[in-house]
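Structure record follows, encoded as structure tokens.
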Amino acid sequence: QVQLVESGGGLVQAGGSLRLSCAASGRTFSSYAMGWFRQAPGKEREFVAAISWSVGTTKYADSVKGRFTISRDNGKNTVYLQMNSLKPEDTAIYYCATRPAGSSWFSPLLYDYWGQGTQVTVSS
């Protein structure tokens, strides 16, 4: 059974940093990709960043390029999202998810397992 467990969310002031972690278990992830999505109140879930587990190819939403960095630790089966220069508009519940390699990076519909989410709140 695939399990994804996020951690690292919290309250931070604008301009601050947080690092989210997603511990993954239950499958051999080398043929999969991992993504981070977020959902703010009243808004649709949106793509934030993704990484291919095997070669480490990364993708970012334009809104976070240059501020967020996604990485993975293969030995720990853990994916990270380093978030710097946070803005109030980054406030959301952040979810990690996994999908088979080769499908779209950006559509949440193609990710088959999701974590429970972690709240990130950025105060102005």
How many angstroms lie between atom OH of Y94 and atom OG of S7, to the nearest 0.5 angstrom?
15.0 Å

If you take all heavy atoms of A14 and S124, which pair is closest and at what distance?
CB-CA, 4.4 Å

Taking L110 as the starting point, is it possible to reach W53 by hopping between hydrophobic residues whose side chains are less than 4.5 Å apart?
no

By side-chain contact (heavy atoms from CB on, under 4.5 Å), S85 pairs with (sequence neighbours left out) R67

When rounded to the nearest 0.5 angstrom, what is the spacing between CG in N77 and CE in M34?
8.5 Å

Test applied, salt bridge (charged side-chain N to carboxylate O under 4.0 Å, His left out); reference residue, R38; option that passes from E46, E89, E6
E46

With a 3.5 Å distance limit and no angle check, can you tell me whether T98 reaches the backbone of A33 through a side-chain donor-acceptor pair?
yes

Atom pair CG/CH2 of L20 and W36 - distance to nearest 0.5 Å:
4.5 Å

My understanding is that only residues two or more places apart in sequence, or in another chain, count here; which of them pass salt bridge (Lys or Arg N to Asp or Glu O under 4.0 Å) with K65?
D62

Common cluster, V2/V5, ILVMFWY with side-chain heavy-atom separation under 4.5 Å
no

Report the distance from atom NZ of K59 to atom OG of S52, rounding to the nearest 0.5 Å.
9.5 Å

Among all residues two or more places apart in sequence or in another chain, which pass the side-chain contact (heavy atoms from CB on, under 4.5 Å) test with S71?
Y80

Given L18, which of V122, N84, L86, D90 fulfils the side-chain contact (heavy atoms from CB on, under 4.5 Å) condition?
L86

Apply the hydrophobic cluster definition, ILVMFWY joined by side-chain contacts under 4.5 Å directly or through others, and give me every member besides W114.
F37, F47, I93, Y95, W105, F106, Y111

How would you list, by chain and number, every residue that makes a side-chain contact (heavy atoms from CB on, under 4.5 Å) with T58, sequence neighbours excluded?
I51, Y60, I70

Could you grab the distance from atom SG of C22 to atom CZ of R72, nearest 0.5 Å is fine?
14.0 Å

Taking every heavy atom of V120 against every heavy atom of G9, the minimum-distance pair comes out as CG2-CA, 4.2 Å

Going by the side-chain contact (heavy atoms from CB on, under 4.5 Å) test, name the single residue among T78, N74, V79 that passes it with K76.
T78

Taken to the nearest 0.5 Å, the spacing of R99 CZ from L109 CG works out to 13.0 Å

Residues in side-chain contact (heavy atoms from CB on, under 4.5 Å) with T121, at least two apart?
L11, T91, Q119

